[in-house]
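Input: a single structure, listed below in structure tokens.
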Amino acid sequence: ASSSLGCSSGPSGSGRRGPENKDEERAQHSEDEQEKRKEKMGKKTLADVIQEMKTFLWNSEKREFMGRTAQSWGLILLFYLILYMFLAGMFSFCMYGLLLTLSPYTPTYRDRVSPPGVMIRPYLHGFTIAFNVSEPSTWTPYVNSMHHFLQAYDDNIQEEKNIECPAGQYFVQDGAESEERKACQFKRSQLQNCSGIGDPTFGYSTGQPCILLKMNRIVGYRAGYGTPVSVNCAIQKGNESALKSVDFYPGNGTFDLMYYPYYGKLTHVNYTSPLVALHFTDVKKNDFVPIQCRLNGEGIVNDVANDRFLGRITFTLSIRM
Amino acid sequence: MHIIALTILRYESTLKIQGYRLWTIKSLCPREEREKSKVPGFKYEVCIGLTSARAAEILARDGPNALTPPKSTPEIIKFLKQMVGGFSILLWVGALLCWIAFGIQVAQGVASAFDNLYLGVVLALVVILTGIFAYYQEAKSTNIMASFSKMIPQQALVIRDGEKREVSAEQLVVGDMVEIKGGDRIPADIRLIFAQGCKVDNSSLTGESEPQSRSCDFTHENPLETKNIAFYSTTCLEGTATGMVINTGDQTIIGRIASLASGVGNEKTPIAIEIEHFVHIVAGVAVSIGVLFFIIAVSMKYKVLDSIIFLIGIIVANVPEGLLATVTVSLSLTAKRMAKKNCLVKNLEAVETLGSTSIICSDKTGTLTQNRMTVAHLWFDDQIYSADTSEEQTTQSFDQSSQSWAALSKVVTLCNRAEFKPGQENVPIMKRVVVGDASETALLKFAEVILGDVMGIRKRNRKLAEIPFNSTNKFQLSIHETEDPNDKRFLMVMKGAPERILERCSTIMINGEEQPLDRERAEAFQTAYMELGGLGERVLGFCHLYLPEDEFPDTYPFDTDSMNFPTSNLCFVGLLSMIDPPRSTVPDAVSKCRSAGIKVIMVTGDHPITAKAIAKSVGIISANSETVEDIAKRLNVPVEQVNKEDARAAVINGMELKDMTTEQLDEILINHSEIVFARTSPQQKLIIVEGCQRQDAVVAVTGDGVNDSPALKKADIGIAMGIAGSDAAKNAADMILLDDNFASIVTGVEEGRLIFDNLKKTIAYTLTKNIAELCPFLIYIIASVPLPIGTITILFIDLGTDIIPSVALAYEKAESDIMNRRPRHKKKDRLVNEQLAVYSYLQIGIIQSIGAFLAYFTVYAEQGWLPNTLLGLRVNWEDDYYNDIEDSYGQEWTRYQRTYLQWTGYTAFFVSITIQQVADLIIRKTRRNSIFQQGLLRNKVIWVGIVSQIAIALILSYGLGSVTALNFTPLRVQYWFVAMPYAILIWVYDEIRKLFIRQYPGSWWDKNMYY
């Protein structure tokens, strides 16, 4: 059987054209007749369908691939090439324009990222810190995570890269936006018992784990509006006696003002976020103890229902002896 | 009680309608129901009818005498069909996948699992709501019909237990004796055993417009032809009759035809086929892209569950959820508009069918003609005058100064038994109700228009004697006093068949003078008679005679039985010819059909000459085209020698049609563009319709009688007459012409074509944004960026902002004269063709996606996430535990902060699509013309659509931005304008496209870019 190309495929004339495509019409007519004959013979068989598909894919008579000749395909592809190139150009131009309006140092808006969220270390993809004191393999990952995180806070690195700043006041560095900013030292040793220097296991080997608390960075954010933000922790739900004492380092669990504001990663290259270490010296053992730590200070929001990491963080300690 | 004529119908086999029972009177009237005739001299027995007990018995056996209503689909099935038709299956699959994903996620303890549950519920709701909507729309249009089929319970006068009583016609049983009189509807098929001047109107059954006389004589083997059967649901016009019921309910001829009609399958309407085609395309695209990306996602190491969720997104993005509802609304809007123009559409989809109609098989009587006899021509003074035959005639303009006219008008006025019903003084003459037959009515109205106060004239010319028309005499005669008090002569006036009248005349009136009727005059008469007869008109001759005063004094006793007055040597006055004239709007409508490429075929039960005359006068046969017979006559050669292809017109007699093979019929339908079928039977009408459909034509059939119902059903669109139409015809039809006017069909065609064009626009508009909804998912999967638009948001576009604008396109005016192009080819001019899909998907759709992505990137970049940071970010971005992801500036984000930003991105993407859809809506107003040619402000509804679109977007963003479940956020004002350049680009690009299409018709551009 020869061609019986589907009528819907191909740029067939739409009937409103003049006599110039009479030939086409005649051709179409004979096709129609063929179709009719087929219909008379009954429903199309599977073989017919396959044959039709084959002719559609490659019509050797008209030298058409999927209803178009090579020239037709060439034209249509060229058209789309030009169209899409134009669109790509226009899009690139628009994106370029967009990037021109952006400052590389400060985001245009910061309303979605503030107020700050809170994270803890060790972080092993979850907020349940569970280990068995007598089995080091259960807590070494946490310890490694802490060590890894604190590398940047090594005293010598901090001393080498960063400067000592006057405590208790914001370290405001005016000047051109593009100017490189200095960062204030936050030495690992300030974390005292939780620095990992005295006890490289951060208390995990004794069932008194350290957890580091970090406030999310926001460019230009002055945490606490003049009064340092402090941290407190409490049992989230349940028996208050499960958490008897927590030690905070440094300075009773506050983020010193000198670490703010942050000037963005392009100019504030060596900036290290200030930390507050929580030393859980007396937590109920052999139990899941849900603990919530909150930031407290002016401008801090820690009670939004939707965002459980905004100004607070909840984690569970499960220490087995 | 009456005498039984024991005529037996023997030839049951000749009956066309299978299963029609022909009872013999003997078998119906058993011995115990007869008694000896009391009429002296008659030795026959008479039938005293059934006893009540026997009637009840038969009733129990045969059931009530009523037609079984056509089987209707149970409502619940109809409803369920709406639930699974179209895209519903795809959406059900989507919903099911959602619930499966939900089940798995719950088992895994994923926090956001419930999102999938809700999405599934929303999808199911969408299906159910659109289903309910479609069902409601359908039910509404069915309800219109319910009012039509309500029949008034009929009473019948029946003889039971030897006495007459009124019973409901439904209670009639075979063997019942019933009496009928003029004006009654025949309550069942009745074999007449007594008839006096009984005439019935069988037009609804056979299409014959002439009243048929009925008697007790068995005249034909075919029950439809024999004179002694009266049929159920026909009317008795005059006289009385008594008969025996021989068939009731579905066994009657009408019942048989009705079941024949219901046996004719209902084929899919063209628009249903188109929508199915479109659904297949979209579903095909959705499924193949969905499966392709499912495979891609799986091979890109996505989790299967995630891949399923992508699949859902792709399906939802691809399916235009609101479109089918929009189409329904558009169709029902058009249906409403058509109803205002007197086309009542029963089946919504039929709205468009009329637009794609390529052949109209039209009935003659009542549709093309006014269905009332009207005087068309006069012949007096050796000259033919034409009369005004329009519907609203108030004056006649032919020369009325001749004395002959005065004489003729007097005969016309006086020799006439028809009378106006009293109390109609304020009604226009043409609309007044008249008691009398069709010809006399025509003459009465004609005289009333010209002379005024016919009744007064008759009063002043008192009638003394009268012989009414009968078929043996073929004339009607009356004798009057004259209104001139000085003239004591009597005036005898006579009218009748022209040749019979002429026979009785010896003189003829010319210019008021009596002149001898010589051969020359007689030939002039013949010529005029032939000419008028050749016009298919019914010709009547008029003559008069002033009876000499001396022979017929004042007191002369005229006796019509002995005819004691002269009835020959009269004075011939003139001829009047009458026709059922075409409606004045019809010729224009027919020529409009012709320029719209629609072939109008006349199919009538009437005589070929009349049919041809009417066909000529309305333009179905155009002035300069000839039939084979005409050519033969002109060339003076036998018909066989004429080349059939030379003749454009053809008049086919029902008898010829009977002997034709299908091939011959096809040949006629193909070769002749102007065809009239005369003297056709209901079955032949069906054959003609089928013949047309074999030519791949979309066939519209008009009809009013029961006999038309099979053809109406078979046609692609059956059009029944609202005033003259029988219930059976209305039931079988898809559309009802409330004013019985052919011209209304043309309006319908126009509306149908317009809605097809506009649906094209609606679909193009709706499909465009599918790409802008789909691309985000594809980019999301491939480039792992945060999701640009959510599934719920997509639903808000499809079922929110886009609904009113797409309906608004149904109000768009036609771009050019749609009545000047050929009807669309059923198989080639698709609703959704390659060009439309490609232009919407790959051109405008892509531009829209790019515009929307620009907004997306802008929102993220201004919040600290530069485009390069976004690439590959997806896994971390969606990590619920990762609450300090760094952005491009080193700031750290919690999960919820990111989610909220993601929703802002959704909103920006949504708003951008909406803004660009405004541009899309504007460009879709035309497919070919510039928007400025079309008029930007002409379609006000479009602007309502645009305003609604923006208003809904504003409400969603600012009003419901705080409802977290909806995933919208209040958007900064400037983001509304980010996609603006692309909206403008869409407009400009489309104007360029249209410009090239207009400039270079037939070019490569035209072929590939015109949809």
Side-chain angles (χ1 to χ4, degrees), chain A residues 7-18 20-21 28 32 36 72 75-76 79-80 83-84 87 90-91 94-95 98-99 101-102 104-113 116-119 123 125-127 214 216-219 262 264-266 268 271 273 304 306-310 313, chain B residues 277 281 694 696 821-825 827-830 832-835 842-843 846-847 850 853-854 857-858 861-867 879 881-884 886-901 904 964 972 978 981-982 985 989 1001-1002 1004 1006-1008 1010-1011:
Chain A
C7 288
S8 55
S9 66
S12 58
S14 44
R16 72 205 160 76
R17 272 176 260 280
E20 71 265 16
N21 44 16
Q28 206 80 45
D32 282 358
K36 239 181 255 167
S72 173
L75 268 172
I76 202 88
F79 170 77
Y80 277 102
L83 177 67
Y84 288 164
L87 289 179
M90 181 165 166
F91 182 68
C94 287
M95 289 298 280
L98 165 67
L99 295 178
T101 67
L102 298 176
Y105 311 106
T106 316
T108 316
Y109 300 112
R110 278 158 284 175
D111 54 333
R112 294 285 185 260
V113 71
V118 176
M119 267 298 266
Y123 172 68
H125 214 92
F127 297 102
K214 174 173 75 71
N216 280 354
R217 285 196 293 263
I218 297 164
V219 172
Y262 173 56
K265 82 176 175 191
L266 200 61
H268 223 160
Y271 182 82
S273 296
V304 181
N306 287 324
D307 193 347
R308 288 176 295 112
F309 295 89
L310 198 68
I313 188 163
Chain B
H277 175 236
I281 290 180
R694 271 198 302 277
D696 259 351
R821 60 177 197 221
R822 300 179 53 74
R824 69 183 184 92
H825 190 290
K827 290 188 179 154
K828 282 184 223 155
D829 304 333
R830 310 304 306 247
V832 176
N833 53 18
E834 191 195 73
Q835 290 89 334
L842 296 185
Q843 299 183 28
I846 295 288
I847 297 178
I850 292 176
F853 265 105
L854 183 66
F857 283 124
T858 307
E862 296 203 326
Q863 288 288 352
W865 300 90
L866 297 180
D879 188 339
Y881 300 108
Y882 203 167
N883 279 286
D884 53 354
E886 269 188 44
D887 64 14
S888 314
Y889 293 87
Q891 308 184 98
E892 292 166 325
W893 294 68
T894 67
R895 169 68 175 132
Y896 186 77
Q897 285 170 338
R898 298 191 307 262
T899 307
Y900 197 75
L901 177 59
T904 311
T964 46
R972 284 200 158 78
V978 176
Y982 290 89
L985 175 69
Y989 177 64
W1004 178 88
D1006 186 12
K1007 277 181 192 152
N1008 284 283
Y1010 182 76
Y1011 55 88

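Lettering of chains follows the sequences in order, A, B, ..., and the numbering in each one begins at 1.
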statement: Counting heavy-atom pairs under 4.5 Å with chain A, the top scorer among B/Arg824, B/Gln843, B/Arg895 is B/Gln843
- prompt: Among A/Val118, A/Ile76, A/Thr101, A/Asp111, which residue forms the greatest number of heavy-atom pairs with chain B at distances under 4.5 Å?
  reply: A/Asp111
message: Within the structure provided, determine whether B/Pro867 and A/Leu99 are in side-chain contact (heavy-atom separation under 4.5 Å).
response: yes
field: Most chain A-contacting option - heavy-atom pairs closer than 4.5 Å, from B/Ile846, B/Leu842, B/Thr904
entry: B/Leu842
- prompt: Between B/Trp1004, B/Trp865, B/Tyr882, B/Tyr900, which residue shows the highest count of heavy-atom pairs closer than 4.5 Å to chain A?
  reply: B/Trp1004
Chain A contact via B/Tyr989 - which portion, at a heavy-atom distance below 4.5 Å: side chain
Which portion of B/Arg898 sits near chain A, non-hydrogen atoms under 4.5 angstrom: neither
- prompt: Any side-chain heavy atom of A/Val219 sitting closer than 4.5 Å to one from A/His268?
  reply: no
message: Below 4.5 Å, heavy-atom pairs only: which of A/Met95, A/His125, A/Arg112, A/Arg110 has the largest tally toward chain B?
response: A/Arg112
message: At a 4.5 Å cut-off on heavy atoms, which part of A/Leu98 comes close to chain B: side chain, backbone, both, or neither?
response: side chain
query: So which of A/Ile313, A/Asn216, A/Asn306 has the largest heavy-atom pair count under 4.5 angstrom toward chain B?
result: A/Asn216
field: Side-chain touch B/Tyr982/A/Met90, heavy atoms, less than 4.5 angstrom
entry: yes
query: For B/Asp887, is it the side chain, the backbone, both or neither that has a heavy atom under 4.5 Å from a heavy atom of chain A?
result: backbone
field: Residue pair A/Met119 / B/Tyr881, side-chain heavy-atom distance below 4.5 Å
entry: no
field: A/Tyr271 and A/Tyr262 aromatic ring geometry - parallel, tilted or perpendicular at 30°/60° bounds
entry: tilted
- prompt: So do B/Thr964 and B/Tyr896 actually touch side chain to side chain, heavy atoms under 4.5 Å?
  reply: yes
query: Are side-chain heavy atoms of A/Arg217 and B/Glu886 found at a separation under 4.5 Å?
result: yes
task: Measure the shortest side-chain to side-chain distance between A/Lys214 and B/Glu892 over non-hydrogen atoms and say whether it is less than 4.5 angstrom.
output: yes
- line: From the list B/Ile847, B/Leu854, B/Leu901, the residue making the most non-hydrogen contacts under 4.5 Å with chain A is B/Leu854
